[in-house]
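Following: one structure in structure tokens, then a few remarks.
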Amino acid sequence: MSDQPDRMQPIFVCGATAVGKTSSALALAAELDGEIVNGDGYQIYRGIEIISAAPSEDEKSLFPHHLFGVLEPGQHCDAMRYAEMAAPVIAGIQGRGKVPIVVGGSGLYLKFLTHGASPLPQGNAAMRAQLDARPLDDLLAELEKLDPKEAAQVARQNRRYVSRSLEICLLTGEKVSELRDGWERKTKELEAKLKGFWLIRTRPDLHHRIEQRTRHMLSEGAIEEVERLQEIHGNWEKAIGVPEIRRHLAGEISLQECEELIRAATRQYAKRQETWFRREHWLQRVELA
RNA sequence: GGCCCGAUAGCUCAGUUGGUAGAGCAGCGGAUUGAAAAUUCGCGUGUCCUUGGUUCGAAUCCGAGUCGGGCCA
């Protein structure tokens, strides 16, 4: 009977940017009588629809869409917050007898949704500001003292990770290595129940689509989006395209250079996404023509 | 037509007094549990434009040629 999954079981549509997740999700929604749930960490913000390549109003009008543009650009989001927002939305869809179709490329966000989280404190902005001001060696030395095991296994050159580990130790007074230990124990049984697809395309084709998307973005208002949100600080500023467009607006680079930089950053991001989803063995691999 | 400068990795270029070459970017591979479109680690054989020559040995020196760029006519 586990081979007979509940018809309301959520379906995940994953893959690199520009592979065609949005249209695949719409096709699935039509076929399964589904509703679409955002699984993208940037389409969740209002005001950067063009930069984040969010579905258009026309596309959204075809089926109910959830969690698109629900946060202000100044608001903070992280993987846990996303998972906490998405879970009730999915439950609501199931309650209506529809199939939730979660579509997105933010691997970590989806991972928290599908696999749950370790009992760790959320990021603390004040503490991070303090840690960011200290040299990496200093952070490593303190981590070594508080949690030698973690200090030995953390990626020592990755300031972000070192800082996060230390942050957890300082915030809880406990050892990260113990708090984080074991969250993946149930992975196997859990994944047996999950259903999802990992969409891929050949590299040359994906790169071509990225070129087209980038051009379209820039001609359809991405620059205006960045100008409009100029004063607002937050996660959204890290979206691919934002730093590049700002450099262009500052007169540092031409529009053409800006476009090429965005393309390259997008290709690199797509590659990282492929690396991520390649490891998610529960996802069924689908090659798009 | 004459003279000068350049030609080395996909791109921009470095290469000391001759000992068969290396940076940045791009690309490729990896990591990833509350910043993740973030952050981070690893990967460099290429007709050194072609062709003659000098030399034990030429990306490097000399001659000729080809293609760029510039100056003078």
Among B:U40, B:A35, B:A36, which nucleotide has an atom closest to any side-chain atom of A:R164? B:A35
From C-beta outward on A:W276, which listed nucleotide comes closest to its side chain: B:A36, B:U39, B:C28? B:A36
For the residue pair A:H115 and A:W282, categorise the inter-ring angle as parallel (less than 30°), tilted (30 to 60°) or perpendicular (more than 60°). tilted
Dot-bracket, RNA chain B: Watson-Crick or G-U, under 3.5 angstrom, [ ] crossing, | other strand? (((((((..((((.....[..)))).(((((.......))))).....(((((..]....)))))))))))).
Under 4.0 Å, heavy atom to any atom of RNA chain B: which of residues 244-263 of chain A qualify? none
Any base atoms under 4.0 Å from [X], or only sugar-phosphate, or nothing? Heavy atoms, all strands.
| X | answer |
| --- | --- |
| A:Q157 | sugar-phosphate |
| A:R203 | sugar-phosphate |
| A:R278 | sugar-phosphate |
| A:Q268 | sugar-phosphate |

For A:D132 and A:R128: C-alpha separation, side-chain torsions, deciding distance, then whether salt bridge (Lys or Arg N to Asp or Glu O under 4.0 Å) applies. CA-CA 6 Å; A:D132 284 349; A:R128 285 176 178 184; over 6 Å; no
Using the P atom as the reference point in each nucleotide, state the distance between B:A23 and B:C56 in Å, no decimals. 33 Å
Partner of A:R247 by salt bridge (Lys or Arg N to Asp or Glu O under 4.0 Å), out of A:E259, A:E252, A:E257: A:E252
Does A:R128 contact B:A35 through a side-chain donor or acceptor facing the base, at a distance under 3.5 Å? yes
Identify, between A:E84 and A:Y161, the residue whose nearest nucleotide on RNA chain B lies closer to the 5' end. A:E84
